[in-house]
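The next block holds one structure in the form of C-alpha cells; read it before the comments.
Only a predicted model underlies this, so the values are computations on that prediction, with no experimental measurement involved. Sequence lines set the chain letters: A, B, ... in the order given, protein chains first and strands last, and positions in each chain run from 1. Side chains are part of it too, since the values below use all heavy atoms of this structure and drop only hydrogens, waters and symmetry mates.
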Amino acid sequence: MRKVFDDYRALSDQAIQARSPRRAAFLEAMGKSLRSGENRAFWLPYVLSLDMCMKCGTCAEVCPLYLSSGRNALYHPVYRSDMLRKVYRRYFTLSGKLFPKVVGAEDLTEEKLDAMAENFYRCTVCRRCAYVCPVAIDNGLLAREGRKIFDAIGIAPDELKEKGTRLQLEAGNATGVKTPAFRDMVEFMEEDLQDTRGYQVQIPVDKKGAEYLVMHNTGDYPAFSETVMGAAEIFQAAGADWTVNSPDTGINDVVNYGVFFSDTEFEKVARAQVRTVRELGARVLVIGECGHAFEAMKYLIQRLIPAEERPFEVKSILEVYDEWIREGRIELDPAKNPEPVVYHDSCKAGRLGGLYEEPRRILKSACLDLREMTPNRELSYCCGGGSGFAIMSKGDFLKFRMETYGKIKEEQIRQTGAGVVALACSNCKGQFRDIINYYHLPVRIAGISELVANALVRGRDRRSEGITFAQAGGGSAAREVREDHDHRGVVASPAREGDPRPGFQERA
Amino acid sequence: MGLWFVIGGILPYLALLVGVGGLISRILRWARAPQHLHWELFPYPSTPAGQTGELLAEVFTLRSLYSYNLRFWLPSLTMHYGIYLVILWMGLSALGVRDTAVAGAAGGVLAVAGAAALVVIRAARRETRQITAPVEYLNLALVMAIGLSGLITGWFLQPEAFRRYVIGLASFSPVLPAAEQLAPILFLEVFLLYLPFSRMAHFAAKYFTYHKVKWGEMAR
Ligand code: SF4
Ligand code: SF4
C-alpha cells in the first residue's frame with residue numbers, strides 16, 4: 001500500500017477516501033468538536049489537552065509505542081497530538097492566525113490528513129502517558145478525539161465501524177452470528193463440558209428475569225471458548241440464577257467499539273445494550289472478560305444514560321468471582337493449576353477501570369504460583385491490542401502490533417518464566433495469542449474464568465478434598481504471590497531491574 | 001516622563017485587569033464546561049485530604065518529573081521555586097514585612113538559572129527540540145527577563161520601594177519608582193497581559209485536569 005505516514009497502514013486508500021478532497025470537511029468537523037455544546041462528552045479534557053501541554057516530553061518516557069520503536073520521532077506522543085494541535089492553532093486560535101510560526105501553527109493539507117488519520121491509529125489510547133503527565137494532559141484522548149473527527153467525515157477502520165458497531169447494531173453482535181448458530185455454539189459447549197469434565201453444565205439462554213445476565217464478547221464463543229465454558233461452570237457451581245442471551249433479545253455482545261473511535265456510535269450501542277438488559281429483566285449485568293466493555297458500562301454510560309433508565313447493577317465478571325470466593329460460595333483448589341501464571345493488567349480493566357486487586361485475589365486462590373510482570377498495575381504496559389488493534393490486521397498492521405507493543409510484552413513474559421499468561425480482556429487475548437505465535441513463546445494464554453473453573457472444588461469432593469487439602473498444609477502461605485509491585489516499579493530505577501535492552505528502559 | 005507614567009501608572013492597571021480578568025474568564029469557561037463522561041485513571045486519591053496532599057507534593061516537588069523525566073526535574077524545580085519566591089517576596093514586601101530582600105534576590109537567581117537550564121536542555125536534545133515551538137522559548141525568555149531585570153536593577157533588593165509603589169497603585173495615586181526600575185515592571189506587565197492566553201496558565205488548568213478529569217469523582 002501507498003506510504004502515507006510510516007511503513008504501515010491501518011486504513012486502506014478507500015477507507016481514507018484518498019481520492020477526494022477532505023480538508024474543508026475536516027476543518028468543519030473539527031470546529032464542531034471544539035464547541036462545548038457539540039462535544040459534550042469530552043470537551044473539557046479535550047481543550048485542556050490541546051491548550052496546556054508544556055512540551056516536557058514526560059509522556060514519551062513512558063509510552064510503550066515510543067519506547068519499543070527505539071524512540072521513533074514519528075511515534076512521540078506529542079508529535080501525534082501536535083498534528084491536531086497545529087491545525088487547531090492555525091484555524092481556531094487568534095495567536096495562530098496572527099503568529100503561526102511562533103506558536104507552531106501549520107496549514108492543513110490533504111497529505112497531512114492522510115498521515116494524521118494513520119497516526120491516530122498507532123496509539124492504543126492506553127493512557128499510560130496521561131497517568132504520569134505533570135499537567136495530566138491526555139495524548140490518548142487527543143488521538144481518540146482525532147478519530148472522532150475523522151469518523152464524522154466518514155473515515156474509520158471498517159473493522160471498527162462497518163464490521164463493528166454497525167454490524168452489532170444490526171445483527172446483535174459484532175461477529176454477525178445469528179440466533180440458530182449461537183444456540184448451536186452453546187450446545188456444543190455443553191457437550192464439550194460433559195465430555196471433558198464428565199458432568200453436566202447447563203448454559204441457560206434468554207432466561208427472563210434471571211439474577212445475572214452474563215454478556216461476553218461474542219467473539220469469545222468461537223475464539224476463546226474456554227472462557228465462556230469456564231464462566232458457565234463457575235456460575236453453575238455457585239448455584240447462581242443466571243443466563244446468557246441470544247441475538248433474538250437484542251444485543252448479545254458486550255463489546256462497544258464506539259469507545260475506540262466515536263461517541264455517536266458508542267451511544268447507539270450502549271443504549272441498545274441497556275435496552276436489552278432491561279427487557280430481559282436481569283438484576284445484574286455481568287461484563288464478561290472484556291476490558292473496554294467494563295469501561296463503557298461501568299463508567300462511560302453513567303453520565304450519558306440517566307440512572308433510572310438502567311435499573312440494574314453492572315459488575316465485571318472479576319468482581320463477581322472475587323465476591324464468591326471470599327464468601328465461600330465457590331471453593332477453589334489452587335493445586336489444580338500448578339503451573340506458574342502471570343497476570344497482565346489490561347489497561348481498560350486496570351488503569352481505566354480500577355480492577356487491580358480483584359484479579360490478583362482470584363488468581364491467588366486459583367493458582368499455586370502467581371507471578372507479576374514489572375511494571376504492573378497502574379504502570380502496566382499496554383499489550384498493543386487496545387482501542388481495536390487486536391482485530392485490525394490489514395496489510396502489515398499485525399507486524400506493527402508485534403514489533404512495537406508486542407515486543408515489550410514478549411520480554412516481560414519471558415522474564416517472569418511463567419507458562420501461562422492470565423488475561424481478563426478479549427482484546428488482550430487476541431494480541432497475546434498473536435505475540436505467542438509471532439515470537440514462538442513457550443507459553444499459553446488463559447482466561448480468568450478458565451483458570452478458576454479448572455480449580456473448582458465440586459460437590460462431594462468439596463468436603464473430602466477440603467480436609468485433605470487442609471491436612472496437606474496447602475494454606476495460603478504456600479502460594480504467596482511474588483510481589484514485585486511497588487509504586488514506582490521499574491520506572492524510578494530501571495537499573496535495579498537490570499534490563500539491558502535498548503528502547504525498553506523508561507529513561508535513556 | 002510621559003512614557004514612564006504610562007508604564008508605571010497606567011499599564012499596571014490594564015495588566016492586572018487583563019491578567020486577572022482573563023484568567024478568571026478562562027477558569028469560568030472550564031468550570032462551565034458540560035460535564036464530560038467519566039474518564040478517570042486509577043488509582044487516585046478520593047478524599048479531600050488525599051487530593052490536597054498529592055496536589056502539594058506535585059507543586060512543591062514536581063514529583064511526576066522526578067519519577068519519569070528526571071532530566072527536566074531539577075531545572076524545572078529551580079525555576080518554579082524561583083517564581084514562588086519572587087511571588088512570596090512581592091506579597092510580603094507589599095504587606096510591609098522587612099528583610100525580604102533575600103527572598104527576592106534568591107527568587108530572581110533561581111528563576112533565571114532554572115529557566116536558562118530549561119532552554120539549554122530543551123534545545124540540546126533532538127527529542128525535545130522536535131516538539132518545541134518558538135513560543136516555548138519565548139515563555140522561558142520572559143521568565144528570565146523578569147528575573148534578570150529585577151536583579152540587575154536591584155529591584156528585588158528594595159522591598160520598601162516596592163511597597164510604596166503598590167500602596168500608590170492601590171490608592172490610585174501611583175508613586176513612580178526610580179526610572180531604572182522601568183524594565184522589571186514592564187516585563188511583569190507583559191507577563192500579566194500574556195498569562196491568560198498562554199500555557200503559563202497551566203497552574204490553573206491543573207485543577208481541572210486533575211480534579212475533574214484524572215481523579216474523577218467516583219469512589220471505588
Ligand atoms: S508529559 Fe504532558 S505536558 Fe509534558 S509533553 Fe507530554 S503531554 Fe505535554
Ligand atoms: S495513550 Fe498510550 S500509546 Fe497513546 S501516546 Fe499515551 S502512552 Fe503512548
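Remark: the backbone N or O of Pro43(B) is not paired with any side-chain donor or acceptor of Arg377(A) at under 3.5 angstrom. Although no hydrogens or angles enter the test, the distance criterion places a donor-acceptor pair under 3.5 Å between the side chain of Arg122(B) and the main chain of Lys55(A). Looking at Lys206(B), its side chain does come within 3.5 Å of a backbone N or O of Pro134(A) through a donor-acceptor pair. Tyr356(A) contributes a side-chain N or O that, together with a main-chain N or O of Phe42(B), makes up a donor-acceptor pair within less than 3.5 Å.
Using a 30° and 60° split on the angle between ring planes, Tyr299(A) and His38(B) fall in the perpendicular class, above 60°.
For Arg89(A), the part lying under 4.5 angstrom from a heavy atom of chain B is the side chain only. With a 4.5 Å cut-off on non-hydrogen atoms, Ser76(B) does not touch chain A at all. Asp138(A) touches chain B through its side chain: at least one heavy atom from C-beta onward sits under 4.5 Å away, while N, CA, C and O do not. Heavy-atom distances place both the backbone and the side chain of Phe208(B) under 4.5 Å from chain A. Neither the backbone nor the side chain of Cys59(A) comes within contact range of chain B; no heavy atom of the residue lies under 4.5 Å from a heavy atom of that chain. For Arg26(B), the part sitting under 4.5 Å from any heavy atom of chain A is the side chain, from C-beta outward, and nothing else.
Separating the OG1 atom in Thr58(A) from the CG atom in Leu62(B) is a distance of 10.0 Å, to the nearest 0.5 Å.
Of the listed residues Thr128(B), Leu118(B), Leu37(B), the one with more heavy-atom pairs under 4.5 angstrom with chain A than any other is Leu37(B). The greatest number of non-hydrogen atom pairs below 4.5 Å with chain B, out of Ala105(A), Cys347(A), Ala130(A), is found for Ala130(A). The candidate with the highest count of non-hydrogen atom pairs below 4.5 Å against chain B, out of Gly350(A), Cys53(A), Ser49(A), is Cys53(A). Most heavy-atom pairs under 4.5 Å with chain B: of the set Met52(A), Arg127(A), Met54(A), this distinction falls to Arg127(A).
Contacts with chain A (heavy atom to heavy atom, under 4.5 Å) involve these residues of residues 131-153 of chain B, listed by number: Ile131(B), Ala133(B), Pro134(B), Val135(B), Glu136(B), Leu138(B). Residues from residues 77-93 of chain B never place a non-hydrogen atom less than 4.5 Å from a non-hydrogen atom of chain A.
Contact detail for Tyr68(B) and Glu61(A): the closest heavy-atom pair is O-CB, 3.3 Å.
No side-chain heavy atom of Leu94(A) sits less than 4.5 Å from a side-chain heavy atom of Phe197(B).
Qualifying salt bridge (charged side-chain N to carboxylate O under 4.0 Å, His left out) partners for Arg32(B), counting only residues two or more places apart in sequence or in other chains: none. Not a single side-chain hydrogen bond (donor to acceptor under 3.5 Å, both in side chains) links Arg29(B) to another residue, sequence neighbours left out.
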Does the side chain to side chain contact (heavy atoms under 4.5 Å, CB included) test come out yes or no for His76(A) and Gln130(B), once each step is laid out? CA-CA 10 Å; His76(A) 196 297; Gln130(B) 274 166 344; over 6 Å; no

